[in-house]
Amino acid sequence: MTAALDVKGLTTRFETRAGHVTAVNDVSFAVQPGRIMGLVGESGSGKSVTGFSILGLIDAPGEVTAGAVLVDGVDLRQLSTEDLRKMRGRKVAMVFQDPMMTLNPVLRVGDQMTMAVRVHQPMSKSDALQHARKALEVVGIPSPAERLKAYPHQLSGGMRQRVAIAMALLHSPSVIIADEATTALDVSIQGQILAEVRELADETGAAIVWITHDLAVVSSLADDICVMYAGRIVERGTAEQVIGGPRHPYTQGLLDSIPARHEPGRKLPQIPGSTPQLSRLPEGCPFQPRCPRATDLCRTEPPLDVRDGQAVLCHHPLEGV
Amino acid sequence: MFGYLVGRLIQAMMVVFVMSVIVFVGVYAIGNPIDVMIDPGASQEIRENLIRQYGFDQPLWQQYFTFVGNVFQGDLGRSMVYNIPVTSLVFSRLPATLELVLVSVGIATLIGVPAGMYAGYRPNGIPAKLIMALSVLGFSVPTFWIGMLLIMGFAVNLGWLPSGGRGEVGHVLWFKTSLVTSDGWAHVIMPAVNLSLFKMGLMIRLTRAGMVEAMGTDYVRFARAQGLPDRQIVFGHIMRNISIPLVTVFGLELGSTLAFAVVTETVFNWPGVGKLIIDSILQLDRPVMVSYLVMVVLLFVMINLVVDLIYAQLDPRVRLKGGS
């Protein structure tokens, strides 16, 4: 089976005053239809830039400099600007973090949705509205016909994010990229939406890339997990592998920092230091200054260690399961 | 909505009342019009008769209430210089200013907004830089100087356009306007362009700023992620958002141009209200000054009301509340 999304060696660089900054460094992963891949990392790890790079939505001074993005076998990077635009929303859709900001405040939900429908499927306005109404029904919005007439500020945060997800679903895309899609929402709403996303992946067969900083969210939602650090994927495997038996010290550190996994009253373990600035990365392994297992060897580029499909970029990987 | 309008109307009346007091006191402080009007050699008796005739011997507050009383009967007084009712004097001049201002604000908007949108859409291109440089010239070079250059170029050297004055007028409904004759357009185009330059610069910069800001917003990113073409993003999504501040400035500019098109009207010898008010100030023609200023206030209040109504139409988050 061909992967719905196959990212190979994706590299995105930004031209800054301090020189080149490689925000996405040789990132590769594949997502099969109907599966959810969690892309996890701290702020500044390059996970959002990865999402935008897949859609070809990187603005100057940034540029995707290498790699391939295959969607249903078609390399988006080889397409003309116009052909790429036609793929966006139709084959690859994206949902953003802040539902307050992603909908245009001065247009009715219905107007925004019909615009998004008709750009890829020419049809009458009323047909497009029907289509939009069905999409809202799918994501569990009550009385969708009324919601179409509403302005974004008249909807709650959760409702707005559901609208955004419905808009991503309009053309039954093969790939949906969700960038921190539930981060801004209440925990209860977040749970509902995650359950719906899981259902959607199973029903529609869309491949979903769920970008988040929250390992707890991903562990309950994703089939596969990629852990990103300083622009690279440092660990990749199935959810059971990565959560159950992390092999990269960074993944281990992230898991240890989840409060719910610990007895109350105990001191919470944490990863010392903070994410390095991309313009001043340490030599060799970027995690080396914060890593409890670091040795002199870590000043050299870490090798890729693969075991049972669980890949890890480390000189001294943990045992795992 | 109705409550809102009533609230605004009360507010407007208060503004007009306060303004009328300020204007009345201010004009009173400028000087005695009798001194300007009559022959210095006139006898004391004639002088005092005249003062009594105009009611200048009464205390200020009494003069004010007489004035207000007359206004409520639709009488704004008579011009001391022209000896005709102020209303007919102002209304004979107003259409000229109105057409000049509408043409100039129209030019400024029709050129300034698209130019600003383009400059904001491709902010790093050479055309954008050129547009921005021109916009700086537009509102930094003095109006009268550009006006004189235009006259030199198009009227004196090229001889294409008349150097000043208002052209032939035609009738539209019960208005007299020069915008229906070609001679009228030939006369109005140069002063209108002159008057529009400042506003155009303003519109360009404002539109560009809004455009640049909008291009970076999440809703534009989201629209791009949906595969919408740029044309649709600009005209379907951004246009409405950036038109909100534009409408405000458009309204303010419309009002201030109507009231103070003085420089251009003087340079091009345009028979509008701007010239009328300057002449009245020089001759201390009190009734004209007071009524004109009160009318300007009314105009501003009305324009602001219309702007607010349009605002509410454009931005659904704005709620019009009554009596706040």
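Residue numbering restarts at 1 for every chain, and letters A, B, ... go by the order of the sequence lines. Note that these values count all heavy atoms, side chains included, but never hydrogens, waters or copies made by symmetry.
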Side chain, backbone, both or neither of [X] within contact of chain B (heavy atoms, under 4.5 Å):
| X | answer |
| --- | --- |
| Ala168(A) | neither |
| Asp111(A) | neither |
| Met87(A) | neither |
| Leu103(A) | both |

> Which pair of non-hydrogen atoms, one from Thr102(A) and one from Phe222(B), has the smallest distance, and what is that distance?
Replying inline: O-CD2, 3.2 Å

> Do you know the tightest heavy-atom contact between Pro105(A) and Pro316(B)?
Replying inline: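 Heavy atoms of Pro105(A) and Pro316(B) come nearest at O-CG, 3.4 Å.
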
>> At a heavy-atom distance under 4.5 Å, which candidate from Met94(A), Gln97(A), Met115(A) has the highest pair count against chain B?
In response: Met115(A)

> Taking every heavy-atom pair that is under 4.5 Å apart, which of Gly236(B), Ala223(B), Gly227(B) has the most such pairs with chain A?
Replying inline: Gly227(B)

> When only pairs under 4.5 Å are counted, which of Ile244(B), Asp218(B), Thr217(B) shares the most heavy-atom pairs with chain A?
Replying inline: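 Heavy-atom pair counts peak at Asp218(B).
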
Is it the case that atom [atom1] in [X] sees more than 12 heavy atoms from other parts of the structure closer than 6.0 Å?
| X | atom1 | answer |
| --- | --- | --- |
| Met123(A) | CE | yes |
| Glu146(A) | CD | no |
| Glu137(A) | CD | yes |

>> Under 4.0 Å between a side-chain nitrogen and a carboxylate oxygen: does that hold for Arg221(B) and Asp179(A)?
In response: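 Asp179(A) and Arg221(B): not salt-bridged.
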
Inter-residue atom distance [X].[atom1] - [Y].[atom2], 0.5 Å rounding:
| X | Y | atom1 | atom2 | result |
| --- | --- | --- | --- | --- |
| Leu228(B) | Gln112(A) | CG | CD | 10.0 Å |
| Arg240(B) | Asn104(A) | CZ | CG | 9.0 Å |
| Gln226(B) | Met113(A) | CD | CE | 9.0 Å |

